[in-house]
*Asks:* 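Got a structure here, written out as structure tokens. Questions coming.
Heavy atoms only: backbone and side chains are in, while hydrogens, waters and symmetry mates are out. Residue numbers run from 1 in the order of the sequence given.
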Amino acid sequence: MVVGFEKAVSATKSVVTSVKKAPTTLSSDRVINFARGDPTMYESYWRQMGEKCTVVISGHNLMSYFSNGGHFCWFLMPELDRAIRRLHCVVGNAVVDDDRYIVVGNGSTQLFQAVLYALSSSYDPDTEPLSVVAAAPFYSSYPEETEFLRSGLYKWAGDAYSFDKDGAYIEVVTSPNNPDGAIREAVVNRDGGKLIHDLAYYWPQYTPITGKADNDIMLFTFSKATGHAGSRIGWAIVKDIAVATKMVKFMELSSIGVSKESQLRAAKILEVISDDCQNSAPDKEENFFEYGQRLMSDRWEKLREVVKRNGVFSLPKYPQDYCNFIGKYTDPSPAFAWLKSKDGLNCDNLLRELKIVTRGGTNFGVDSNYTRISMLSPDEEFNLLLERLSAIQGTIINGNN
């Protein structure tokens, strides 16, 4: 059967790719959603951990707003502060010395808003809003998150590569990048700029850990580090106490802090990971990051083989590097596959014909022949993705087959 995707073809295109579904034993015809970055693939690992991560909270516990009234971030639980610093030291992916300030948030999304407020609130309110940019392809939620509050302090200004405005600005640097997994540095590099480093995926299961990040503002999220997206915990590591204090003020006014129950759960899980990573017993089982790196590497190997066989798409190639945490050279295995249609077709629409929902390239500031596919789904859904991608074949119908 020829899949009808003519709507995805440019009217001016002279060479058309026909995608045919090969015979398949597809067990299900349901729609599978790979547009979201919901990290449910880690559930099997945490299930086998049994009661090691259990936290018991009595009815009279955690009733106050305050976790540490004398601390600049008064809602940050001391247990979580210690667990975050310890894990970064164990993994070696960020500097967390005593002169670095931890701000906890309801996921990194809220922290991103808090940083925008903190960096822009010191500028003259009578001037035009501060420009916020990121290099394309950029995380698809940055434009919406920046514009959502319709703040007069800042505004979304698009692709950092094309930004040529004088004066102050904020550049968001995501590394490894979402959606394409590339290691990124700042692009604009002009006087008056402030940088936000989104390091949500700078963990050993996604990329080699080559050194300790030491940027002015670094954002991390519990969801991508461990898979616990539902706890809604993120944290920022900040050098400037003035910026950190303004972030705390934003959090205070927007949500009066962060759930203590979520913080204690996150602290417990991070401590379990650190304990396992530092376990030197000869009969120890693989720790969480070793498990994640093995699983992600296996998934990428399978996806590359399927893409190579069907001839319709291509994937980025990443350089191997030495991972200080694992202690050997490893290949990057990003949380998302940045899929490209070889013949310039609308990649998202093409996959929807196969009942595969993805997030198209235009959401990330680039052309529609790209689309992003989550690599973090459960095994059943990921295997179904491979089955459906394996069932399509590309042919050229411009007089040559």
Side-chain angles (χ1 to χ4, degrees), residues 37-57 76-97 102 104 108 176 199-213 218 220-235 237 261-300 321-335 375-379:
D38 198 13
T40 49
M41 76 169 195
Y42 296 119
E43 184 177 334
S44 59
Y45 177 86
W46 293 112
R47 184 181 292 112
Q48 74 182 21
M49 296 298 285
E51 300 299 314
K52 288 181 68 174
C53 298
T54 298
V55 177
V56 178
I57 300 173
L76 170 61
M77 299 287 286
E79 296 92 334
L80 182 58
D81 187 310
R82 291 192 296 270
I84 288 171
R85 293 178 188 274
R86 181 188 177 197
L87 184 64
H88 283 299
C89 287
V90 168
V91 174
N93 63 340
V95 174
V96 283
D97 296 342
I102 305 291
V104 66
S108 60
L199 304 182
Y201 303 96
Y202 191 46
W203 295 100
Q205 66 267 49
Y206 307 121
T207 191
I209 302 302
T210 58
K212 295 182 179 181
M218 300 182 287
F220 290 90
T221 172
F222 191 42
S223 65
K224 298 308 185 293
T226 71
H228 295 87
S231 294
R232 305 311 308 133
I233 291 291
W235 61 90
I237 304 173
E261 288 85 352
S262 289
Q263 290 190 65
L264 281 185
R265 185 189 189 211
K268 178 66 173 181
I269 290 170
L270 296 185
E271 289 288 0
V272 167
I273 293 175
S274 293
D275 287 344
D276 288 346
C277 290
Q278 293 184 314
N279 181 4
S280 58
D283 59 343
K284 68 172 183 176
E285 297 181 355
E286 61 182 356
N287 62 56
F288 172 74
F289 294 121
E290 291 170 338
Y291 167 87
Q293 198 275 333
R294 176 176 57 81
L295 181 59
M296 291 297 295
S297 179
D298 179 67
R299 288 190 170 196
W300 268 95
D321 211 335
Y322 188 83
C323 179
N324 295 331
F325 175 78
I326 295 179
K328 64 180 182 180
Y329 280 89
T330 61
D331 292 303
S333 301
M375 297 290 285
L376 304 175
S377 61
D379 288 340

*Asks:* So M77 and L264, side-chain contact (heavy atoms from CB on, under 4.5 Å) or not? Walk me through it.
*Replies:* CA-CA 7 Å; M77 299 287 286; L264 281 185; 3.6 Å; yes

*Asks:* With sequence neighbours left out, what residues match E261 under salt bridge (charged side-chain N to carboxylate O under 4.0 Å, His left out)?
*Replies:* none

*Asks:* In Å, rounded to the nearest 0.5 Å, how long is the span from OG1 of T226 to CZ of F288?
*Replies:*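 Between T226 OG1 and F288 CZ, I get 5.5 Å after rounding to 0.5 Å.
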
*Asks:* Quick one: do R82 and E79 satisfy side-chain contact (heavy atoms from CB on, under 4.5 Å)? Show the steps, please.
*Replies:* CA-CA 5 Å; R82 291 192 296 270; E79 296 92 334; 3.6 Å; yes

*Asks:* The criterion is side-chain contact (heavy atoms from CB on, under 4.5 Å); which residues satisfy it with Y322, sequence neighbours excluded?
*Replies:*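 Only N324, Y329 meet the side-chain contact (heavy atoms from CB on, under 4.5 Å) criterion with Y322.
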
*Asks:* Suppose we screen for ring-ring contact (aromatic ring centres under 6.0 Å, His included). Which residues come up paired with F289, at least two apart in sequence or across chains?
*Replies:*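 By the ring-ring contact (aromatic ring centres under 6.0 Å, His included) rule, F289 matches W203, F325.
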
*Asks:* Under the salt bridge (charged side-chain N to carboxylate O under 4.0 Å, His left out) rule, collect the residues that match up with D275, sequence neighbours excluded.
*Replies:*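 Salt bridge (charged side-chain N to carboxylate O under 4.0 Å, His left out) check on D275 returns R86.
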
*Asks:* Grab the two heavy atoms, one from M41 and one from M296, that are nearest each other, plus how far apart they are.
*Replies:* CE-SD, 3.1 Å

*Asks:* Tell me the salt bridge (Lys or Arg N to Asp or Glu O under 4.0 Å) pairs involving residues 279-289, sequence neighbours left out?
*Replies:*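 Sorted pair list: E286-R294.
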
*Asks:* I want to check something: taking the side chain as every heavy atom from C-beta on, are V90 and Q278 in contact at a cut-off of under 4.5 Å?
*Replies:*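 They are in contact (side-chain heavy atoms under 4.5 Å apart), so the answer is yes.
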
*Asks:* How far does CE of M218 sit from OG of S108, to the nearest 0.5 angstrom?
*Replies:*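 Taking CE in M218 and OG in S108, the distance rounds to 14.0 Å.
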
*Asks:* I need the minimum non-hydrogen distance between P334 and W300, along with the two atoms involved.
*Replies:*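 Heavy atoms only, the tightest pair is O-NE1, 2.9 Å.
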
*Asks:* Does the side-chain contact (heavy atoms from CB on, under 4.5 Å) test come out yes or no for L270 and L80, once each step is laid out?
*Replies:* CA-CA 8 Å; L270 296 185; L80 182 58; 4.1 Å; yes

*Asks:* Can you name the side-chain contact (heavy atoms from CB on, under 4.5 Å) partners of T54, sequence neighbours left out?
*Replies:*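 Counting only residues at least two positions away or on another chain, T54 forms a side-chain contact (heavy atoms from CB on, under 4.5 Å) with E51, V56.
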
*Asks:* Going by side-chain hydrogen bond (donor to acceptor under 3.5 Å, both in side chains), name the residues that satisfy it together with Y202, two or more places apart in sequence or in a different chain.
*Replies:* none

*Asks:* Is any side-chain heavy atom of C277 closer than 4.5 Å to one of V91?
*Replies:* no

*Asks:* Would you check if N93 and L199 make a side-chain contact, meaning some heavy-atom pair closer than 4.5 Å?
*Replies:*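 They are not in contact (no side-chain heavy atoms under 4.5 Å apart), so the answer is no.
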
*Asks:* Mind checking what makes side-chain hydrogen bond (donor to acceptor under 3.5 Å, both in side chains) contact with S223, not counting sequence neighbours?
*Replies:* T221

*Asks:* Do I237 and F220 come within less than 4.5 Å of each other through their side chains, counting heavy atoms only?
*Replies:* yes

*Asks:* Residues two or more places apart in sequence or in another chain: which of them pass side-chain contact (heavy atoms from CB on, under 4.5 Å) with R265?
*Replies:* H228, S231, I269

*Asks:* What distance separates H88 NE2 from I84 CD1, expressed to the nearest 0.5 Å?
*Replies:*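 H88 NE2 to I84 CD1: 6.5 Å, rounded to 0.5 Å.
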
*Asks:* Closest approach of C53 and W46, non-hydrogen atoms and distance?
*Replies:*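 Here C53 and W46 meet closest at SG-CZ3, 3.6 Å.
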
*Asks:* Looking at every heavy atom in both R299 and L376, which two are closest together, and how far apart are they?
*Replies:*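 Minimum heavy-atom contact is NH1-C, 3.9 Å.
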
*Asks:* For D97, what residues pass the side-chain hydrogen bond (donor to acceptor under 3.5 Å, both in side chains) criterion, not counting sequence neighbours?
*Replies:* none

*Asks:* Locate the shortest heavy-atom distance separating Q48 from Y45; write the atom from each residue and the value.
*Replies:*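 Residues Q48 and Y45, closest heavy atoms: CG-O, 2.8 Å.
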
*Asks:* Determine whether a donor-acceptor pair (N or O, by modelled atom type, separation under 3.5 Å) exists between the side chain of N279 and the backbone of A281.
*Replies:*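 Between the backbone of A281 and the side chain of N279 there is a qualifying donor-acceptor contact (under 3.5 Å).
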
*Asks:* Residues two or more places apart in sequence or in another chain: which of them pass side-chain contact (heavy atoms from CB on, under 4.5 Å) with T330?
*Replies:*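 Partners of T330 by the side-chain contact (heavy atoms from CB on, under 4.5 Å) criterion, ordered by chain and then number, come out as P208, Q293, C323, I326, K328.
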
*Asks:* Of the non-hydrogen atoms in L76 and I102, which two are nearest, and what is the gap between them?
*Replies:*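 Between these two residues, the closest heavy atoms are CD2-O, 3.6 Å.
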
*Asks:* With sequence neighbours left out, what residues match S44 under side-chain hydrogen bond (donor to acceptor under 3.5 Å, both in side chains)?
*Replies:*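 Counting only residues at least two positions away or on another chain, S44 forms a side-chain hydrogen bond (donor to acceptor under 3.5 Å, both in side chains) with Y291.
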
